[in-house]
Amino acid sequence: MRQNSNTSDMIFHCDEIVSYISQHMTLVPGDIILTGTPEGVVLGYPEEKQVYLKDGDVVTIEIEKLGSLTNRMVNEQA
C-alpha cells in the first residue's frame with residue numbers, strides 16, 4: 001500500500017469544495033471532483049526512496065458505501 005487516507009484528513013471539507021466549484025460551474029449528478037492526492041506522494045520522498053508505478057502494478061481507489069475501482073498499469077510503449 002502506498003497511500004491510505006480519508007476525506008476527514010483533507011485541508012478543505014467536501015462541502016466546502018463542492019460549494020466553491022459550484023460558484024464557477026454547474027455540477028450535475030455523476031460529476032467527479034478530483035482533489036489531488038493525500039500524504040505519501042512520491043515527490044515528497046528523498047530521490048532514493050521514490051518508487052513510481054510500473055507495468056503490472058494494480059491501483060485501487062475506494063469510496064466507502066459506494067464501491068471501488070481497480071486498474072492494472074499497462075506500459076503502452078512495450
Side-chain angles (χ1 to χ4, degrees):
M1 182 176 301
R2 294 200 187 179
Q3 294 179 332
N4 183 14
S5 193
N6 189 295
T7 53
S8 65
D9 296 330
M10 294 172 56
I11 295 171
F12 299 103
H13 295 283
C14 293
D15 59 341
E16 294 173 308
I17 295 169
V18 171
S19 175
Y20 177 80
I21 292 174
S22 65
Q23 292 175 37
H24 302 282
M25 63 182 290
T26 301
L27 293 171
V28 297
D31 281 349
I32 297 173
I33 300 171
L34 302 175
T35 59
T37 182
E39 60 191 58
V41 179
V42 70
L43 294 176
Y45 291 115
E47 191 170 328
E48 66 275 2
K49 292 189 177 189
Q50 292 179 1
V51 178
Y52 290 87
L53 292 171
K54 61 187 179 308
D55 191 44
D57 284 351
V58 175
V59 175
T60 300
I61 60 168
E62 182 175 355
I63 299 174
E64 186 178 340
K65 299 181 183 176
L66 183 62
S68 63
L69 175 66
T70 299
N71 288 289
R72 181 175 302 276
M73 299 294 111
V74 177
N75 182 353
E76 293 291 330
Q77 297 175 2

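Of all heavy-atom pairs between Ser5 and Asp9, the closest is OG-OD2, 3.4 Å. The heavy-atom pair separating Tyr52 from Val42 by the smallest distance is CE2-CG1, 3.6 Å.
The environment of Gln23 atom CD is dense: over 12 non-hydrogen atoms of other residues, nucleotides or ligands sit within 6.0 angstrom.
For the pair Asp55/Met73, no side-chain contact is recorded, criterion being any heavy-atom separation below 4.5 Å from C-beta on. The side-chain heavy atoms of Tyr20 and Glu16, taken from C-beta on, include no pair separated by under 4.5 Å.
Taking CD1 from Ile61 and CG from Asn71, the interatomic distance works out to 8.0 Å, rounded to the nearest 0.5 Å. Here Asn75 contributes atom CG and Leu53 contributes atom CG; the two are 12.0 Å apart, rounded to the nearest 0.5 Å. With rounding to the nearest 0.5 angstrom, the CD1 atom of Ile32 is 7.5 Å from the CD1 atom of Ile63.
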*Please step through side-chain contact (heavy atoms from CB on, under 4.5 Å) for the pair Ile33 and Leu27, ending with a clear verdict.*
CA-CA 10 Å; Ile33 300 171; Leu27 293 171; 4.3 Å; yes

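Note: the hydrophobic cluster containing Val58 does not contain Val74 (ILVMFWY, side chain heavy atoms under 4.5 Å, direct or indirect links).
Remark: side-chain polar atoms of Arg72 are paired, donor with acceptor, to backbone N or O of Gly56 under 3.5 angstrom.
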